[in-house]
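Order of the sequence lines fixes the chain letters, A, B, ..., with proteins taken first and strands second; residue numbering starts at 1 for each chain.
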There are 2 protein chains.
Amino acid sequence: MRKRVTIEMIAKDAGVSKMTVSRAINNPEKLKRGTLIRILNSMKKHEYKPRFVARILAGSRSNTFGFIVKSNEDFVIPPFYGECVRAASNWFKKHSYRSMIFNMSDEQSASLFIDYVNSGLIDGLILFEGTHEKSLLKALKSNDIPVVLVGEDPEGTYDFYSVSSNNYNGARMAVEYLIAKGSREICYITGIGTKPSVEERLRAYTDVMCEHNLEAISVPAENTLRGGVKAVEELIEKHPSFDALFCFTDLIAIGALRGLRKRGFDVPKDVRVVGFDNIHISEYVFPSLTTVSQDMTLMGEIAARTLLQIMDETQPNDSEKHVKLPTRLIIRESA
Amino acid sequence: MRKRVTIEMIAKDAGVSKMTVSRAINNPEKLKRGTLIRILNSMKKHEYKPRFVARILAGSRSNTFGFIVKSNEDFVIPPFYGECVRAASNWFKKHSYRSMIFNMSDEQSASLFIDYVNSGLIDGLILFEGTHEKSLLKALKSNDIPVVLVGEDPEGTYDFYSVSSNNYNGARMAVEYLIAKGSREICYITGIGTKPSVEERLRAYTDVMCEHNLEAISVPAENTLRGGVKAVEELIEKHPSFDALFCFTDLIAIGALRGLRKRGFDVPKDVRVVGFDNIHISEYVFPSLTTVSQDMTLMGEIAARTLLQIMDETQPNDSEKHVKLPTRLIIRESA
DNA sequence: TTGTAGGCGTTATCAT
DNA sequence: ATGATAACGCCTACAA
């Protein structure tokens with residue numbers, strides 16, 4: 001193992017003090033041209049890289065942001081969050097910040113992430129729905145970590161900035177579309193938990209059905225492919241006469257497609273199916289999925305931009321506290 | 001912002017020196033019961049958390065491992081790697097290590113990761129195929145970072161440990177199966193680049209076709225859904241009479257299914273399709289995908305176990321240098 | 001424009 | 001079993 005190259009060695013080599021080398025790195029404009037060049041050369045020659053942890057310990061910003069995402073059975077980074085992350089991460093990059101993903105799937109990952117945060121390794125965070133646990137939010141708040149939520153804050157008690165889609169309108173569109181197409185016995189495969197997205201989409205479904213004097217029937221499912229299959233089976237058991245399914249997510253919908261086929265149903269002839277999210281693969285499955293599209297790229301960008309604004313107190317902050325993005329109905333083969 | 005709780009404050013509060021508190025954290029067995037309890041209580045009272053970066057700077061291990069994964073157009077963490085990561089990460093967890101994912105998609109992410117590694121924030125790495133770039137491997141080698149490759153080392157020059165599937169045998173199985181089923185005009189949608197997996201699967205395809213006096217026709221595709229669609233279009237253009245497709249990955253195969261359907265081909269009646277990887281979703285698409293299964297869980301576990309063995313020099317190291325895992329043909333609806 | 005001294009929070013080493 | 005001191009590598013504040 002080669003011995004580590006430190007700032008001190010560069011200083012000695014370039015015939016200056018450590019401080020001058022430090023300036024060469026952080027405020028090069030404050031140095032005389034000659035000195036700067038000499039130092040730069042020496043750094044290159046010795047392949048000097050400042051040691052990240054030392055800078056942090058001495059008080060520097062990390063210029064690094066984190067994403068906290070919850071895995072599911074099918075994906076370590078579920079596609080919907082993945083696209084938001086990609087967009088946010090590009091935004092950060094454009095502004096010379098770096099970013100990294102923490103997948104919060106267990107205690108162990110949580111501990112790592114907490115260590116990072118309270119060590120100064122992370123300057124700010126974007127939390128995706130599913131990770132908005134009270135204890136976590138509280139910890140972040142009390143440590144003064146800048147945070148933006150993707151998805152609404154379930155409690156609202158911590159007053160974080162948030163970016164989400166208009167879940168209610170999106171779900172309404174989907175159900176109204178199914179009704180317009182002639183479906184009457186529309187069942188809803190809902191999500192699990194008390195997340196706002198779950199509650200709003202369910203409420204929209206119930207409202208629309210009610211407005212049309214149709215019976216609202218919903219069953220819950222894990223947000224996974226398998227969850228979709230199981231929900232369909234439950235539905236066939238309990239309400240075999242449905243002629244359409246609205247699903248909490250595309251993942252569930254794709255599972256539902258499989259479940260329906262297994263039982264001999266044709267989509268869309270026997271049963272129309274609509275999902276939510278418009279993840280990449282929904283366009284490729286058969287039948288391709290009619291779905292409510294969330295603009296993940298825009299969500300990611302807004303989340304990133306908001307976070308930067310929160311942190312940069314010198315700039316005027318024109319970010320809305322709670323952004324709600326419109327959704328679009330994407331009509332494909334399944335309904 | 002609450003003032004940071006440091007080891008010094010705990011020491012004062014518990015009436016001992018910093019060193020003793022440090023011991024309470026790292027070698028509790030060396031303390032007298034009473035002292036230990038007093039310190040522990042004080043730590044709890046003040047919600048003391050050791051500062052990660054300070055420990056690292058002072059010479060501690062991070063007990064953290066990293067995964068380096070390459071994103072693609074469809075997924076930030078492609079499903080195949082995702083499953084390996086999940087398995088490896090569980091293995092680490094079981095041994096009280098933590099892990100994190102770096103997605104190497106650009107310069108910016110690379111810089112973060114390099115900072116981490118040469119700061120001591122990462123004790124070892126698992127690199128997935130697609131990230132085995134010469135410059136990276138060289139840097140890791142010269143910094144003495146313990147590394148395990150998933151997928152074979154394309155160069156072989158750096159002598160890293162590696163875990164991969166037997167790509168050649170897997171691909172042979174697939175092609176032989178297609179022939180046994182009666183297909184004769186079997187085209188291969190191959191991958192891009194010079195990765196061993198690309199070369200071996202292609203070689204297997206060519207060999208088998210040759211052994212049966214069949215013409216080998218292959219077109220390259222990006223490893224994405226869209227790549228599959230495009231390859232099918234190219235194939236229909238150039239060799240419209242094919243009756244089977246073997247695809248470099250499931251992602252490509254799923255794209256191919258869509259491409260075929262768009263052009264009115266029925267799978268498997270007109271064209272049989274076989275993929276490679278057996279990612280989760282392949283079981284759910286329609287027709288469900290016949291594919292060559294790699295045991296991602298086992299790969300992940302072996303990679304993790306090997307890495308731990310490399311690092312722990314006290315233990316005898318019984319890891320093979322280059323593990324090659326067997327594959328299985330999973331027969332479903334598409335062929 | 002450049003240098004000096006001190007501190008960031010922890011652990012290692014050597015004492016006691 | 002516990003403590004004192006130095007070291008890790010960098011940056012801030014002040015001085016020259």
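The nucleotide whose nearest atom lies closest to any side-chain atom of Arg4(B) is, among dT2(C), dG9(C), dA4(D), dG9(C). Checking dC8(D), dT11(C), dT2(C) against the side-chain heavy atoms of Leu31(A) singles out dT2(C) as nearest. You'll find that the side chain of Thr20(A) is closest to dG3(C), out of dG3(C), dT10(C), dC10(D). Listed nucleotides dC11(D), dT10(C), dT1(C) differ in distance to Lys32(A); the shortest reach to its side chain belongs to dT1(C). In this structure, the nucleotide among dG3(D), dA13(D), dT10(C) sitting nearest to the side chain of Lys18(B) is dT10(C). Side-chain proximity of Arg51(A) to the nucleotides dC8(C), dC8(D), dG3(C) is greatest for dC8(D). Distances were taken from every side-chain heavy atom of Ala54(B) (C-beta onward) to each of dT1(C), dT10(C), dC11(D); the shortest belongs to dT10(C). Closest to the side chain of Ala58(B), out of dC11(D), dC14(C), dT10(C), is dT10(C).
At a threshold of 4.0 angstrom between heavy atoms, the contacts of Leu57(A) include nucleobase atoms, whether or not backbone atoms are also involved. Contacts of Tyr48(B) with the nucleic acid, taken as non-hydrogen atoms under 4.0 Å apart, involve only primed sugar atoms and P, OP1 or OP2. Across all strands, Val53(B) comes closer than 4.0 Å to no nucleic acid atom at all (heavy-atom distances). Using a 4.0 Å heavy-atom cutoff across all strands shown, Ser60(B) reaches sugar-phosphate atoms only and no base atom.
Remark: Ser22(A) is not in phosphate contact with dC10(D), judged by side-chain N or O atoms under 4.0 Å from OP1 or OP2. Proximity of Thr35(A) to the phosphate of dT2(C): a side-chain N or O atom is located under 4.0 Å from OP1 or OP2. Note on Ser17(B): a side-chain N or O is less than 4.0 Å away from OP1 or OP2 of dG3(D).
The pair Arg51(A)-Asp115(B) fails the salt-bridge criterion, with no side-chain N (NZ, NE, NH1 or NH2) lying under 4.0 Å from an Asp/Glu carboxylate O. A salt bridge links Asp13(A) with Lys45(A); the closest basic N to acidic carboxylate O contact falls under 4.0 Å.
Taking the six-membered ring for Trp and the full ring otherwise, the centers of Phe102(A) and Tyr116(A) sit less than 6.0 Å from each other.
Distance CD1 (Ile10(B)) to P (dT11(C)): 13 Å, rounded to an integer number of Å.
Residue whose closest nucleotide on DNA chain D sits further toward the 5' end, between Gly59(B) and Met19(A): Gly59(B).
A donor and an acceptor atom, one from each side chain of Arg55(B) and Asn26(B), are located under 3.5 Å apart. For Thr297(A) and Glu83(A), the side-chain atoms include no donor-acceptor pair closer than 3.5 Å.
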